[in-house]
Asks: 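Below is the structure I would like to discuss, written out as structure tokens.
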Amino acid sequence: MVLAIDIKQITKIFDNKVKALDGVELEVNAADVFALLGPNGSGKTTLMRILTTQFRPTSGNAYNFGIDLIRNDAEVRKMIGYVPQETSVWADITGFENLLIYSKIYGVPSGSRKKIISDALQSMGLEEPANDLVRKYSGGMVRRLEIACALMVKPKILFLDEPTLGLDPSARKAVWENLTIFKKEYGTTIFFNTHYMDEADHYSDKIAIIMKGKIVKCGTANDLKQSLRSEALQFGLNCNALDKTALTKIRALDFVRDVLFHDSELMVVIENERADTALPKVMEVLMMRGIQIERIAMARPTLDDVFLKYAGPITKIPECCHQIRGCGRQIRMCGHNDVKKN
Amino acid sequence: MTLNNSLREMSAMIELETRRLRHDRTEIYTRAVQPVMWLAVYGTVMSHVRDIPTNGIPYIDYITPGVLLQSTIFVSVFYGLTIVWERDTGILKRLLVAPASRYATLIGRAVASGVRGVVQALIIFPVAILLGVKFIPNPLYTIAAFLMLFMVAGGFAALSMFVASFMKTRERFMGIVQAMIMPLFFASNALYPINIMPPFLQSIAFINPLTYAVDAMRSLMISGNVASIPADFVAIFIFDILIFTLASISFRKIIE
């Protein structure tokens with residue numbers, strides 16, 4: 001199968017000194033929604049601008065559906081759609097006119113222009129304000145118009161640079177719902193940069209994290225979360241003291257990394273195993289010792305945790321979890337991320 | 001195919017500009033105020049001086065072609081500001097990712113600015129007639145004069161975009177363009193003949209495209225002395241080709 005995007009050792013150095021990208025390797029399957037996460041200045045936008053042929057990499061190569069985007073950039077431009085981070089529609093003409101100008105630039109034949117434009121307006125829910133000046137649009141409407149401009153020509157790959165930056169939650173949801181419907185219909189590959197973890201989590205098939213110009217992690221949201229190995233089980237027990245044997249037995253389970261007990265709360269940190277499959281085994285030990293369980297909670301890492309681990313500031317898994325008191329929020333912190341507190 | 005694409009892109013850019021104008025005509029009217037003042041105030045006052053050798057042409061008539069050109073060229077010279085603004089927003093990035101040549105984008109914008117210039121001049125033209133300026137009543141001459149105006153306005157818009165590709169911020173761009181404007185207008189034959197200038201200014205006027213444009217328009221609209229017309233058109237044609245090429249080459253720089 002031909003990859004939608006195939007990046008081989010791309011490096012970009014600005015002005016002979018700033019290394020924005022440092023040997024990026026990435027593969028994106030056709031018809032996937034691919035999210036690229038990274039902190040500010042990590043090289044996300046630079047990579048996207050190279051992939052959209054705005055400038056060339058210093059070294060390395062990349063292919064969109066097998067077409068070399070350095071040697072054959074004109075061909076690549078015919079099959080991609082792109083929405084930059086900043087506003088990219090003319091505010092002093094109407095939404096319809098923006099689409100009209102773009103349809104002409106893209107050479108949509110005049111016979112099908114009207115239909116294509118009205119389809120694009122409809123798919124982004126913009127029929128009503130189509131004849132208003134874009135200046136009067138809200139942020140979410142502007143974004144949807146921009147995406148409509150990009151979708152209108154049915155690109156094989158759609159590049160979105162922080163597509164929902166600065167939008168309120170309902171506008172974000174509207175943008176993604178429209179995108180999802182479009183993608184289902186046309187099988188478009190979508191490649192987007194974002195800061196919103198929940199967006200990457202919900203809408204993407206695969207995620208890569210970029211840090212200082214390098215891809216530090218790549219996989220599905222689940223892969224990434226599991227890679228943290230910091231799932232935990234939390235039990236509320238009916239006793240204030242726990243016999244040593246029970247603790248030792250739980251510790252002896254091969255997937256348990258740590259066990260904490262404090263104030264009738266038992267916390268079991270797990271590695272190399274999913275919390276839901278580990279649960280029965282821990283429960284078995286507790287029940288064998290006749291300990292009554294009042295409630296159970298599972299704590300799984302979120303994509304935020306993944307991001308902080310791979311792209312955040314210094315994150316170390318503290319050895320002394322015992323000092324941390326209490327509840328579920330802290331279970332996550334105990335996984336990594338809390339050097340300061342100690 | 002490529003030529004077709006380029007033409008398509010250019011016509012889309014012209015359409016964009018005319019649509020913008022349609023939505024906001026105020027700009028065209030307000031920009032017409034200053035040139036009308038030049039004619040009505042400066043022209044009227046200076047016509048009493050009678051020291052400027054105009055070959056017997058009334059002074060207001062003499063400066064009308066220059067004022068028409070000035071009003072359009074000043075619009076063109078600031079056209080680069082649109083590009084700087086579009087660079088700050090994402091519009092330029094997006095245009096450069098579209099399947100059209102970058103030359104076509106630039107030339108399309110320059111031509112669009114030429115169209116805007118012609119519309120601008122068409123607003124001032126009747127006002128000049130009302131002020132008593134006697135144009136040669138030959139439609140062919142008038143059309144040729146407006147063609148000259150269009151060509152030179154497009155050329156200066158390309159020059160402006162060329163400057164914009166180096167001066168990527170509004171402040172720097174405005175600074176350099178402001179500095180360009182005065183010598184452009186005053187070191188030309190727009191307000192007085194070249195031969196009354198000091199030699200230094202004369203040599204600037206000689207390489208100033210505006211001089212040739214004014215000469216052509218004055219001949220076609222006022223004096224009827226068309227002997228130098230071909231040379232003027234050739235000069236502006238060369239200027240256009242040169243500046244379109246330079247601006248196209250440097251256009252890439254603006255997004256980097």
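Just so we're clear, the structure is a prediction, and the values are computed from it rather than from any experiment.
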Asks: Where do Gly90(B) and Glu86(A) come nearest, in terms of heavy atoms and distance?
Replies: N-CB, 3.5 Å
Asks: Chain B: which of Ser103(A), Gly81(A), Cys149(A) shares the most heavy-atom pairs with it under 4.5 Å?
Replies: Cys149(A)
Asks: Over all heavy atoms of both residues, which pair between Thr87(A) and Thr89(B) is shortest? Give the atoms and the distance, please.
Replies: O-CB, 3.2 Å
Asks: A quick test of your reading: do over 12 heavy atoms of other residues, nucleotides or ligands sit less than 6.0 Å from CZ of Phe166(B)?
Replies: yes
Asks: Return yes if some donor-acceptor pair links the side-chain N/O of Arg94(B) with the main-chain N/O of Glu146(A) below 3.5 Å, else return no.
Replies: yes
Asks: For the residue pair Tyr106(A) and Ala98(B), what are the closest heavy atoms and their distance?
Replies: OH-CA, 3.6 Å
Asks: To the nearest 0.5 Å, how far apart are CG in Leu95(B) and OH in Tyr82(A)?
Replies: 11.5 Å
Asks: With a 4.5 angstrom heavy-atom cut-off, which part of Glu75(A) approaches chain B: side chain, backbone, both or neither?
Replies: neither
Asks: Can you tell me how far NZ of Lys104(A) sits from CD1 of Ile14(B), rounded to the nearest 0.5 angstrom?
Replies: 11.0 Å
Asks: Quick one: what part of Phe14(A) sits under 4.5 Å from any heavy atom of chain B, side chain, backbone, both or neither?
Replies: neither
Asks: What are the two closest non-hydrogen atoms of Ala12(B) and Ile101(A), and how far apart are they?
Replies: O-CD1, 3.6 Å
Asks: I'd like to know whether CD1 of Ile176(B) has more than 12 heavy-atom contacts from other residues, nucleotides or ligands below 6.0 angstrom.
Replies: no
Asks: With chain B, which of Asp73(A), Ile105(A), Val83(A) has the greatest number of heavy-atom pairs at distances under 4.5 Å?
Replies: Ile105(A)
Asks: Answer yes or no: are there more than 12 heavy-atom neighbours, outside Lys214(A) itself, under 6.0 Å from its atom NZ?
Replies: no
Asks: Answer whether the closest heavy-atom distance between the side chains of His23(B) and Glu97(A) falls below 4.5 Å.
Replies: yes
Asks: If you draw a 6.0 Å radius around NZ in Lys212(A), do more than 12 non-hydrogen atoms from other residues or ligands fall strictly inside?
Replies: no
Asks: Heavy-atom cut-off 4.5 Å, strictly under: side chain, backbone, both or neither for Thr94(A) against chain B?
Replies: both
Asks: Using every non-hydrogen atom in the two residues, find where Ile91(B) and Tyr102(A) come nearest and quote the distance to one decimal.
Replies: O-OH, 4.4 Å
Asks: Taking every heavy-atom pair that is under 4.5 Å apart, which of Ile80(A), Leu100(A), Asp161(A), Val76(A) has the most such pairs with chain B?
Replies: Leu100(A)
Asks: With the side chain counted from C-beta on, respond yes when Trp90(A) and Glu86(B) share a heavy-atom pair under 4.5 Å apart, and no when they do not.
Replies: yes
Asks: Give a yes or no on this: more than 12 heavy atoms of other residues, nucleotides or ligands lie within 6.0 Å of atom CZ of Phe185(B).
Replies: yes
Asks: Looking at Arg77(A) and Val97(B), would you say the former's side chain and the latter's main chain have a donor-acceptor pair under 3.5 Å?
Replies: no
Asks: Does Arg20(B) use its side chain to pair, donor to acceptor, with the backbone of Ile93(A) at less than 3.5 Å?
Replies: no
Asks: Which bit of Met10(B) comes within less than 4.5 Å of chain A, counting heavy atoms only: side chain, backbone, both or neither?
Replies: neither
